[in-house]
Amino acid sequence: MPDTAFSARVLSIVRRIPVGRVATYGDVAHMAGRPRAARAVGNIMRTCHRHDVPCHRVVAAGGLVGGYGGNEGLKRSLLRAEGLTVAGRRIRQWTAVRWQPSPSRRPAATQRTRPPV
DNA sequence: AATCTGACTGTTG
DNA sequence: CCAACAGCCAGAT
């Protein structure tokens, strides 16, 4: 994947997603400044094989697991290994595990690093 | 520059 | 709930 400003922003954002939390392709696109580039984010994830980028924490809209290079089972396993519960293609406790870097004005105080199990 | 390709998404039937 | 469709976007040809 090329070394563009967009992909660099996307990668740095994905790297910040905490263990046990997830963000949608659209969320990442929005954080990267391209609200409608969800599909492009998916393409970046698809071609990013860096071990320091937790691409399995980037999921589809509505709490769906989404794709993973034809190995969605592995993606589910990785998410479960981080404490998430996955039923079929859907992630449980969706609103609780969805990562939002700045939900309000006091991120640190309200921010939860791990889901309430 | 034009076209094709999807780890996407919202709408519609 | 599922499938088809139509937008959308960055990257690769």
Side-chain angles (χ1 to χ4, degrees):
Chain A
M1 120 183 49
D3 183 23
T4 63
F6 178 70
S7 65
R9 282 197 300 274
V10 167
L11 294 181
S12 83
I13 287 167
V14 174
R15 259 190 300 261
R16 291 188 188 110
I17 303 177
V19 172
R21 303 297 298 272
V22 293
T24 69
Y25 294 96
D27 288 341
V28 175
H30 200 277
M31 295 173 211
R34 296 288 179 289
R36 305 186 217 171
R39 198 164 188 174
V41 170
N43 282 330
I44 292 175
M45 293 300 99
R46 180 168 60 80
T47 60
C48 174
H49 307 101
R50 302 184 47 160
H51 63 284
D52 64 320
V53 178
C55 46
H56 61 282
R57 295 183 195 143
V58 182
V59 301
L64 293 176
V65 173
Y68 202 68
N71 196 347
E72 304 183 22
L74 174 58
K75 188 170 183 177
R76 287 201 302 272
S77 299
L78 291 169
L79 291 174
R80 284 182 177 133
E82 299 189 346
L84 293 179
T85 305
V86 183
R89 299 169 174 160
R90 191 166 294 280
I91 297 172
R92 302 238 190 170
Q93 308 287 279
W94 175 230
T95 60
V97 302
R98 185 179 189 178
W99 180 61
Q100 294 175 135
S102 45
S104 69
R105 284 167 251 169
R106 16 215 283 277
T110 317
Q111 201 77 295
R112 209 186 304 241
T113 319
R114 312 222 28 180
V117 193

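All values below come from the heavy atoms of this structure, side chains included, with hydrogens, waters and symmetry mates left out. Note on naming: letters A, B, ... go to the chains in the order of the sequence lines (proteins, then strands), and numbering restarts at 1 for each one.
Legend: residues meeting side chain to side chain contact (heavy atoms under 4.5 Å, CB included) with Thr4(A), ordered by chain and number and at least two apart, are Pro2(A), Phe6(A), Ser7(A). Residues satisfying the side chain to side chain contact (heavy atoms under 4.5 Å, CB included) test with Asn43(A), not counting sequence neighbours, are Arg46(A).
Contacts classified as salt bridge (Lys or Arg N to Asp or Glu O under 4.0 Å) and involving residues 51-64 of chain A (residues at least two apart or in different chains) are given here: Arg15(A)-Asp52(A), Arg50(A)-Asp52(A), Arg57(A)-Glu82(A). Legend: salt bridge (Lys or Arg N to Asp or Glu O under 4.0 Å) pairs involving residues 22-38 of chain A, not counting sequence neighbours, sorted by first then second residue: Asp27(A)-Arg98(A). Applying the salt bridge (Lys or Arg N to Asp or Glu O under 4.0 Å) test to pairs two or more places apart or on separate chains, none has a residue in residues 83-97 of chain A.
Residue Ser7(A) has no polar side-chain atom (N or O) positioned under 4.0 Å from OP1 or OP2 of dA10(C).
Side-chain contact between Ile17(A) and Val22(A) is absent, with no heavy-atom pair separated by less than 4.5 Å.
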Base versus backbone protein contacts along nucleotides 7-13 of chain B [heavy-atom cut-off under 4.0 Å; B, S, -]: BBSS---
Using nucleotides 1-3 of chain C, report all nitrogen or oxygen pairs with the protein that are shorter than 3.5 Å.
none

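Grouping Ile, Leu, Val, Met, Phe, Trp and Tyr residues whose side-chain heavy atoms lie under 4.5 Å apart, directly or via other members, places Leu74(A) in a hydrophobic cluster with Tyr68(A), Leu78(A).
Nearest heavy-atom pair across Thr24(A) and Val58(A) is C-CG1, 4.1 Å.
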